[in-house]
Q: 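Would you mind keeping the following structure in view while I ask a few things?
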Amino acid sequence: MKWIMVMSAGMELMPFKAIEERGILVTNARGIHKIPMAEYTIGMLLQYEKKLKLLMKNEKEELWDRKIEVGELNGKTMLVIGVGAIGGEVSRLGKAFGMTTVGVNRSGKPVESIDQLYTLDNLLEAIPGADYIVSVLPSTDETKGFLQKEHFKAMKETAVFVNIGRGDLINDEVLIEALDAGELSYAILDVFDPEPLGKGHPFWRMENVTVTPHLSSKSGEYLPRTFAIFEKNMREYLEAGKDFTNVIDLSRGY
């Protein structure tokens with residue numbers, strides 16, 4: 001075995017230690033999810049601001065209520081935790097809606113469409129000013145259980161937390177306690193640990209939580225985009241080149 005092409009972005013199930021011992025090249029489909037996941041995120045933020053769930057409920061009840069207060073994304077601050085390909089696209093769309101964008105990454109390297117950047121170690125400094133906190137972090141040893149009580153205590157009471165990265169970023173009980181205590185206003189969750197989300201789980205019935213079944217990355221363009229990366233890398237491999245797309249750092253797992 002010389003090369004593994006993973007036809008997804010998630011890498012947490014790969015046996016990296018064994019792969020590294022054998023010197024196997026690993027590439028993945030990183031970047032193909034950025035369009036659907038960014039569109040999902042902005043769509044959910046708009047749904048929250050425009051109170052679409054409430055309006056749909058009123059429609060079913062045939063209730064005409066113009067007193068419902070609706071908001072705007074314009075002028076709001078969005079904090080994106082993990083500004084890689086997906087987080088960068090989320091930020092770009094946020095800028096199109098007139099949002100201020102704050103980003104967090106591991107290196108502190110500047111990212112296009114980000115107004116202010118923090119490192120992961122300084123996340124607590126970035127949280128208090130955010131109206132929306134969007135996590136796009138992958139599942140690694142470093143990120144599992146990364147968000148703790150202190151992070152939610154630092155949020156605005158009106159803040160909305162969105163998780164489209166991985167469910168093991170946070171313990172469910174920590175988030176439930178924070179929501180019940182009013183430390184943040186709402187949570188939009190597309191990923192869970194474990195999946196699928198179990199029947200009877202509190203998230204299903206909490207009025208300040210929206211649950212979606214890990215579909216933010218779903219798109220009819222998934223396979224065409226993936227095979228385009230594979231084709232490019234296959235040509236590189238056959239020609240004994242070294243310019244592969246999406247080479248995985250085996251020590252980091254992404």
Side-chain angles (χ1 to χ4, degrees), residues 40-54 68-83 87 90-91 94 97 99-105 114-139 142-195 197-198 200-212 214 216:
Y40 166 96
T41 301
I42 297 299
M44 284 295 178
L45 301 196
L46 286 169
Q47 174 177 285
Y48 179 81
E49 286 289 351
K50 304 304 179 183
K51 306 296 188 292
L52 294 185
K53 289 179 72 175
L54 181 56
I68 296 173
E69 293 186 8
V70 295
E72 298 179 350
L73 294 183
N74 183 66
K76 299 286 172 54
T77 296
M78 177 170 60
L79 168 62
V80 180
I81 308 174
V83 280
V90 171
S91 302
F97 279 88
M99 302 183 81
T100 297
T101 55
V102 179
V104 174
N105 63 15
I114 291 293
D115 296 317
Q116 189 171 6
L117 190 69
Y118 292 82
T119 63
L120 211 54
D121 293 336
N122 296 322
L123 176 59
L124 273 173
E125 296 177 26
I127 287 177
D131 299 295
Y132 290 98
I133 297 98
V134 181
S135 175
V136 199
L137 289 175
S139 178
E142 185 181 13
T143 62
K144 287 178 182 176
F146 182 75
L147 286 189
Q148 299 288 323
K149 291 181 180 181
E150 60 185 359
H151 295 104
F152 290 97
K153 288 183 183 297
M155 292 181 186
K156 291 182 179 181
E157 293 180 357
T158 55
V160 176
F161 173 64
V162 182
N163 192 4
I164 58 172
R166 282 294 184 265
D168 59 12
L169 175 75
I170 180 175
N171 181 286
D172 290 350
E173 291 303 318
V174 171
L175 179 54
I176 291 169
E177 287 177 14
L179 285 163
D180 286 343
E183 293 170 357
L184 70 161
S185 174
Y186 205 87
I188 297 166
L189 308 174
D190 186 53
V191 288
F192 307 89
D193 181 36
E195 292 185 358
L197 184 65
H201 194 287
F203 286 150
W204 288 116
R205 58 182 182 271
M206 293 177 71
E207 292 187 1
N208 53 354
V209 174
T210 291
V211 169
T212 57
H214 203 149
S216 62

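All of these numbers come straight from a predicted model, not from anything done at the bench.
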Q: Among all residues two or more places apart in sequence or in another chain, which pass the side chain to side chain donor-acceptor pair (under 3.5 Å) test with N208?
A: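 Counting only residues at least two positions away or on another chain, N208 forms no side chain to side chain donor-acceptor pair (under 3.5 Å).
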Q: Applying side chain to side chain donor-acceptor pair (under 3.5 Å), can you list everything that pairs with E72, at least two apart in sequence or on another chain?
A: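 Applying side chain to side chain donor-acceptor pair (under 3.5 Å) to E72 gives none.
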Q: Please evaluate residues V83 and L117 with respect to the criterion side chain to side chain contact (heavy atoms under 4.5 Å, CB included), reporting the C-alpha separation (whole Å), side-chain torsions for both, the decisive distance (0.1 Å), and the verdict.
A: CA-CA 9 Å; V83 280; L117 190 69; 3.9 Å; yes
Q: Partners of S139 by side-chain contact (heavy atoms from CB on, under 4.5 Å), sequence neighbours excluded?
A: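 If we apply the side-chain contact (heavy atoms from CB on, under 4.5 Å) test to S139, skipping adjacent residues, the hits are E12, K144, R166, D168.
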Q: How long is the gap from CE on M155 to CG on L124, to the nearest 0.5 Å?
A: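 The distance works out to 9.5 Å.
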Q: Just wondering, do L120 and I81 contact through their side chains at under 4.5 Å, heavy atoms?
A: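 Of all side-chain heavy-atom pairs linking L120 with I81, at least one is under 4.5 Å.
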Q: State, with a plain yes or no, whether a side-chain heavy atom of D172 is found less than 4.5 Å away from one of H201.
A: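 Yes, close enough: below the 4.5 Å cut-off.
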Q: Please set out all donor-acceptor pairs under 3.5 angstrom arising from side-chain atoms of residues 126-133, sequence neighbours excluded.
A:
{"from": "D131", "atom 1": "OD1", "to": "K156", "atom 2": "NZ", "distance (Å)": "2.9"}
{"from": "D131", "atom 1": "OD2", "to": "T77", "atom 2": "N", "distance (Å)": "2.8"}
{"from": "Y132", "atom 1": "OH", "to": "E49", "atom 2": "OE2", "distance (Å)": "2.7"}

Q: Drop me the distance from L175's CG to L147's CG, to the nearest 0.5 angstrom.
A: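 Atom-to-atom, L175:CG and L147:CG are 9.0 Å apart.
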Q: Just by distance, do the side chain of W204 and the backbone of G198 share a donor-acceptor pair under 3.5 Å?
A: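 At least one qualifying donor-acceptor pair exists.
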Q: Donor-acceptor pairs under 3.5 Å, side chain of residues 180-191 to any protein atom, not counting sequence neighbours: which ones?
A:
{"from": "E183", "atom 1": "OE2", "to": "K153", "atom 2": "NZ", "distance (Å)": "3.2"}
{"from": "S185", "atom 1": "OG", "to": "Y48", "atom 2": "OH", "distance (Å)": "2.9"}
{"from": "Y186", "atom 1": "OH", "to": "K53", "atom 2": "NZ", "distance (Å)": "3.4"}
{"from": "Y186", "atom 1": "OH", "to": "T210", "atom 2": "OG1", "distance (Å)": "2.6"}
{"from": "D190", "atom 1": "OD1", "to": "T212", "atom 2": "OG1", "distance (Å)": "2.6"}
{"from": "D190", "atom 1": "OD1", "to": "H214", "atom 2": "N", "distance (Å)": "3.0"}
{"from": "D190", "atom 1": "OD1", "to": "L215", "atom 2": "N", "distance (Å)": "2.9"}
{"from": "D190", "atom 1": "OD2", "to": "L215", "atom 2": "N", "distance (Å)": "3.3"}
{"from": "D190", "atom 1": "OD2", "to": "S216", "atom 2": "N", "distance (Å)": "3.0"}
{"from": "D190", "atom 1": "OD2", "to": "S216", "atom 2": "OG", "distance (Å)": "2.7"}

Q: Could you pull out all residues at least two apart from F97 that satisfy ring pair (Phe, Tyr, Trp, His ring centres under 6.0 Å)?
A: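 Testing F97 for ring pair (Phe, Tyr, Trp, His ring centres under 6.0 Å), a comparison that skips the adjacent residues, returns none.
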Q: Flag the pair I164 / M44 as yes when at least one side-chain heavy-atom distance between them is below 4.5 Å, and no otherwise.
A: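 No - every pair of side-chain heavy atoms lies 4.5 Å or more apart.
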Q: Please name all residues satisfying side chain to side chain donor-acceptor pair (under 3.5 Å) with T101, sequence neighbours left out, ordered by chain then number.
A: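 Counting only residues at least two positions away or on another chain, T101 forms a side chain to side chain donor-acceptor pair (under 3.5 Å) with D115.
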Q: Look only at the side chain of S135 and the backbone of N163, and say whether a donor-acceptor pair between them is shorter than 3.5 Å.
A: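 It does not hold such a pair.
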Q: Please enumerate all residues that pass salt bridge (Lys or Arg N to Asp or Glu O under 4.0 Å) together with E150, with sequence neighbours excluded.
A: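 Salt bridge (Lys or Arg N to Asp or Glu O under 4.0 Å) check on E150 returns nothing, list empty.
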Q: Give me the atom names and distance for the closest heavy-atom approach of M99 to M78.
A: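 Result for this residue pair: CE-CB, 3.7 Å.
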Q: Partners of E125 by salt bridge (Lys or Arg N to Asp or Glu O under 4.0 Å), sequence neighbours excluded?
A: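 For E125, no residue satisfies salt bridge (Lys or Arg N to Asp or Glu O under 4.0 Å) once neighbours in sequence are set aside.
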Q: How far apart are the closest heavy atoms of S91 and V80, and which atoms are they?
A: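 So the two residues come closest at OG-CG2, 3.6 Å.
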Q: With sequence neighbours left out, write down each residue that passes side chain to side chain donor-acceptor pair (under 3.5 Å) with T41, or none if nothing qualifies.
A: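 Here no residue qualifies.
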Q: F152: what forms a ring pair (Phe, Tyr, Trp, His ring centres under 6.0 Å) with it, not counting sequence neighbours?
A: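 Per chain and number, F152 pairs via ring pair (Phe, Tyr, Trp, His ring centres under 6.0 Å) with F161.
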Q: Return the minimal non-hydrogen interatomic distance between Y118 and Q116, and the atom names on each side.
A: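 Of all heavy-atom pairs spanning Y118 and Q116, the closest is OH-NE2, 3.0 Å.
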Q: Should we count NZ of K149 as having more than 12 external heavy atoms under 6.0 Å?
A: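 At most 12 heavy atoms, drawn from other residues, nucleotides or ligands, come within 6.0 Å of this atom.
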